[in-house]
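Structure first, commentary second.
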Amino acid sequence: MPELPEVETIKNELSPSVIGRKIMKVDIVRDDVISKPSADEFREKVTGKTITGITRRGKYLFFHLDKSDDILTMHLKLAGSLQLDPETDKFTRAVLHLDDETDVHLKDPRKFGRMWLEKDESAVADRLGPEPFDKDFTVKTLAEILKKRSSPVKVVILDQSLIAGIGNMYADEALFEAKIHPARPAKRLSPAEVERLYDAIKNVLRKGIEKKGASVRDYFRPSGEKGEAHTDFLVAHGAGNSCPGCAGKIERIVVGGRGTYICPRCQPEP
DNA sequence: CCCGGAACCTGAAGGC
DNA sequence: TGCCTTCAGGTTCCGG
């Protein structure tokens, strides 16, 4: 499931193979993988363009094109991956054929992933909260975000318009590390808890990037390999496991409609 | 404004 | 063996 560490890994590992390469041909297996403009217009505007760089904001990827007004933008949603020269299979939704014979496949078992054209990165980025690793994301920033909200703290940190990049797995890991129950109203966290959460968010995301992302299910790196970050997960998807911090058992609950993993002893209810 | 829930999809895994 | 249910999960939209 691509969250910030997975999308960052894809950007880092795809860049050396695609930067400076020209897109010779675009195969679109299903038209609805292109959100805008039409599949035909997309093909026309992208074909023949050279990729000058890839950037990431939150969980979005931007492929910058030479001599173009358009930025090829992607969101992999729940299960999408970008793979270099894989076998074509029933999950291949689109292929970018590059001028050195490299093929970049968008694979996506669940068909949620999309690519489209934007004139400007800010059309997407302006709707997102700060990047967790930007200088302007401080403990104070997080405290300001949390203190206005009575929603469960987990719902708040998953809100991309407030903080960009955190998804379900890393939210659970961060809240466990900070020893905060995910259903706690955000505004009721103490200053010490806010600080623990701040450190935990950066820590779990940093470790996720170091381990090249978490392959709990559908995530693959551009090489087709899995990431290793999930092997360090302490609670996410670990119902029934023993808590690493106490004798308790990890439980699955639902918070904000999302499957949520906690240690009920280390993360006591409000 | 806030919140909950549905919709979008389908494969894997577990229960019976 | 096979059918049925549950779970996974990011974003957007709709209704209360």
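Numbered from 1 within each chain, the chains take letters A, B, ... in sequence-line order. Being a predicted model, the structure only gives us computed values, none of them experimental.
Note on Y170(A): nothing from the nucleic acid sits closer than 4.0 angstrom, heavy atoms only. Heavy atoms of G167(A) sit under 4.0 angstrom from primed sugar atoms or phosphate atoms, though from no base atom.
Rounded to whole angstrom, the span from the CZ atom of R110(A) across to the C1' atom of dA7(B) amounts to 15 Å. Note: NZ (K187(A)) to C1' (dC2(B)) measures 11 Å, nearest angstrom. Nucleotide dT11(C) holds its P atom 11 Å from the CG atom of L4(A), rounded to whole Å. With rounding to whole Å, R149(A) atom CZ is found 5 Å from dC2(B) atom P. Atom-to-atom, CG of L158(A) to P of dT11(C) comes out at 9 Å; the value is rounded to the nearest Å. Spacing between atom NZ of K77(A) and atom P of dC8(B) amounts to 13 Å, rounded to whole angstrom units. Atom-to-atom, CZ of R258(A) to C1' of dA6(B) comes out at 14 Å; the value is rounded to the nearest Å. Note: CG (L76(A)) to P (dC9(B)) measures 17 Å, nearest angstrom.
Between the side chains of Y219(A) and E3(A), no donor-acceptor pair of N or O atoms lies under 3.5 Å. Looking only at atom types and distance, the side chain of K11(A) has no donor-acceptor partner in the side chain of T55(A) under 3.5 Å away.
For K90(A), taking side-chain heavy atoms from C-beta onward, the closest of the listed nucleotides dG10(C), dG11(B), dT11(C) is dG11(B). Comparing dC3(B), dC7(C), dT12(C) against the side chain of R127(A) picks out dT12(C) as the nearest. The side chain of F112(A) approaches dC8(B) more closely than any other nucleotide in the set dC8(B), dC7(C), dG11(B). Relative to the side chain of S151(A), the nucleotides dT10(B), dT12(C), dC2(B) differ in distance, and dC2(B) lies closest.
Mapping G257(A) and K148(A) onto DNA chain B via the closest heavy atom, the residue that lands nearer the 5' end is K148(A).
In this structure, F220(A) has its ring center at least 6.0 angstrom away from the ring center of F91(A). Aromatic ring centroids of Y198(A) and F137(A) lie under 6.0 Å apart.
Under 4.0 angstrom from either OP1 or OP2 of dT11(C) there lies at least one side-chain N or O belonging to Q160(A). The shortest distance between the side-chain N/O atoms of H75(A) and the OP1/OP2 oxygens of dT11(C) is below 4.0 Å. Between Y219(A) and dG10(C) there is no side-chain polar atom (N or O) within less than 4.0 angstrom of OP1 or OP2. Taking side-chain N and O atoms only, R114(A) has no distance below 4.0 Å to OP1 or OP2 of dG10(C).
Side-chain contact between L197(A) and I201(A) is present, with heavy atoms from C-beta onward closer than 4.5 Å.
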